[in-house]
Amino acid sequence: MSSQMCIIVAILAYLVLMLCVGWYFSNRNKTTDDFYLGGRKLGPFVVAMSAEASDMSSWLLMGLPGLAYLTGICDPGWTAIGLAIGTYLNWLFVARKIRLYTHATNSITLPSFFSNRYGDKKSVLAGIAAVIIIIFFIPYTASGFAACGKLFHSMFGIDYTVAMVACAIIIILYCAMGGFMAASTTDLIQSIVMSIALVSIVVYGVHTAGGMDVVIENAKSMPGYLSMLSTHSAETGEAQPYGLLSIASILAWGLGYFGMPHILLRFMAIEDENKLKLSRRVATVWVVIAMGVAILIGIIGSALTKVGALGALDGSDSETIIVRIADLISQHGVLAALLCGVILAGILAATMSTSDSQLLTAASGVSENIFGDILHIKMDEKKKLLVARATLVVIAVIAVFLARDPNSSVFRIVSFAWAGFGATFGPVVLLALFWKRSNMYGALCGMVSGGIMVFLWKFVISTLGGVFAIYELLPAFVIALVVNIVVSLITPAPSQEIQDTFESVKKM
């Protein structure tokens, strides 16, 4: 059996396993609460790994190693620190509170929680939040489909469109069949596959480079490569300063966690909120180790290039560093080729684990909040499930259409969508959970102002350069937070019933 055939067999086995999981859970969805939240029956370990797998898209196995390969540890290092802090704080402050509050208000989606929290009888908040989810999640999902297509095209020469559509169909099938439980269980499996991929690449890479001493010496030889205050320029071979403004801009990525619907849904779905402490520890440890290892792979890749095991990688080609090392592994026999297939499945898993969660979240926004809350279409549970599955398929088809261009930038789309959710939902979530005086008008104005500012800063203000050339999430988040507070203070306080619910949840 050829090495390429072994690789294909390993990847196909992984994809079939994903479909089997979807089929297994297909008959366990009796209500939309089951389909979108798994009936709130997730265990602490599944919640932890599902949340982080759905967070860590293909940039974990492609973006971070590629950036470290070219520039050293500074840029990816501060990114990892910001994301690790954001992950921990989200689990520490938001997870338990939103689980209790959504249960108390009988909310199964984030938009419905906003309306129920503020007594919005007309569901204006739910409708706007659902539209925001669609605006940012459909292209976000499309970027995931595109990453799958690029992986198979670069590795096997398969037509990009064929590979992208095939991967999309598999994601659609197991999501539509098994809903949230299928997505969460596959996320757990995918996090394990990602971990195997990371460890395998590190062990083989260090051995092939000649040992860890060689890897470190190569990194030390490049100016700025191992500094947290400067980056290495591959073009000039010199160190370039990395200022406080750049650090603050990169750390702002951590703010995005407070508004990520697909991550917040995991908090809402745990069976016992008292077990969230275990989930927090598992999730934080895995995230820190995974990102640290991903950066280390970039450093190891640079050493492999130095000793001649790999050719030099420039620009976006650096993001294929794991694929290139996996290809080297596949040349050592059948077992090694199968391991290569597992590694490539890990990259696929990183993408799929995010795409499935985004599909479910976007579908819930349409079927539950637009059809149900805004259009007031009455349906029994069987019809609701049918609409939920049909909505998921329609949204996926739109995402496939948007992903038809193989030259689209995956990272830019993800970065913009992350900022969009962080700025529109993050401040609303925090104030809804922790400030009793926050009201519907503040939440509405904060949400809208955050969304507008993301677009305005990205496409207008940041073009001025200098101090304005920071990541749009930071200024948009701050402005949305301030607007929410100010508007809440100058408009009537929430009703006594809303305040009583807040106090009852606070005492839990």
Side-chain angles (χ1 to χ4, degrees), residues 29-42 94-137 179-180 183 258-270 273 357-381 383-385 387-389 391-392 395 421 424-433 438-444 446-448 451 484 494-495 497-498 501-502 504-505:
N29 293 307
K30 306 300 182 184
T31 66
T32 49
D33 183 59
D34 293 333
F35 191 77
Y36 289 129
L37 274 186
R40 300 184 194 266
K41 296 176 183 177
L42 262 63
V94 175
R96 186 174 185 274
K97 198 82 169 179
I98 201 167
R99 167 62 176 83
L100 293 171
Y101 222 138
T102 54
H103 184 69
T105 56
N106 193 30
S107 307
I108 65 171
T109 68
L110 192 61
S112 64
F113 167 64
F114 292 153
S115 280
N116 294 338
R117 159 66 175 87
Y118 292 110
D120 176 19
K121 303 299 183 184
K122 296 182 178 179
S123 299
V124 175
L125 283 174
I128 292 177
V131 170
I132 289 172
I133 285 175
I134 294 169
I135 289 173
F136 289 113
F137 257 159
F180 186 82
F258 300 122
M260 289 299 125
H262 57 300
I263 297 175
L264 297 174
L265 278 176
R266 266 61 185 178
F267 301 158
M268 295 160 59
I270 193 168
E273 66 272 7
S357 300
Q358 293 163 349
L359 270 178
L360 278 171
T361 306
S364 69
V366 174
S367 63
E368 286 292 308
N369 303 119
I370 293 181
F371 284 8
D373 297 334
I374 301 299
L375 300 179
H376 302 293
I377 299 175
K378 301 296 183 182
M379 294 176 284
D380 58 28
E381 286 298 336
K383 288 183 179 178
K384 279 187 176 181
L385 277 173
V387 169
R389 289 184 166 114
T391 303
L392 187 148
I395 288 174
F421 284 124
T424 53
F425 291 159
V428 179
V429 168
L430 292 175
L431 293 176
L433 297 178
S438 175
N439 64 19
M440 172 186 168
Y441 308 105
L444 180 61
M447 197 184 300
V448 173
N484 196 326
S495 68
E497 180 183 356
I498 292 174
T501 302
F502 181 93
S504 66
V505 173

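Source: prediction; values computed, not measured.
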To the nearest 0.5 Å, what is the distance between OG on S123 and CG on N116?
7.5 Å
Got a sec, which residues hit side chain to side chain donor-acceptor pair (under 3.5 Å) with T424, two or more places apart in sequence or on another chain?
none
Closest non-hydrogen contact found for V428 with Y118 is O-OH, 4.1 Å
Between atom CG of L110 and atom CZ of F425, what is the distance when rounded to the nearest 0.5 Å?
6.0 Å
Taking all non-hydrogen atoms of both residues, which atom of L100 and which atom of E273 are closest, and how far apart?
CD2-OE2, 3.5 Å
Are the side chains of T105 and V505 in contact, using a 4.5 Å heavy-atom criterion?
no
State, yes or no, whether a side-chain contact exists between I108 and T102 at a heavy-atom distance under 4.5 Å.
no
In Å and rounded to the nearest 0.5 Å, what is the OG to NZ distance from S115 to K122?
12.5 Å
Heavy-atom closest pair (S107 atom, F113 atom, distance to 0.1 Å) is OG-CA, 3.4 Å
For A95, give me all partners under side chain to side chain contact (heavy atoms under 4.5 Å, CB included), at least two apart in sequence or on another chain.
W91, F267, L276
What heavy-atom pair brings N484 and S438 nearest, and what distance separates the two atoms?
OD1-OG, 3.8 Å
Can you find a pair of side-chain heavy atoms, one from D120 and one from F114, that are under 4.5 Å apart?
no
Looking at every non-hydrogen atom in both residues, tell me the closest pair between A130 and P111 and how far apart they are.
N-CG, 4.0 Å
Taking the side chain as everything from C-beta on, heavy atoms only, tell me whether F421 gets closer than 4.5 Å to I133.
yes
Do you know the tightest heavy-atom contact between M447 and I128?
SD-CG2, 4.0 Å
Using a 4.5 Å cut-off on heavy atoms from C-beta on, say whether the side chain of I98 contacts that of L433.
yes
Is a side-chain donor-acceptor pair under 3.5 Å present for T501 with Y101?
no
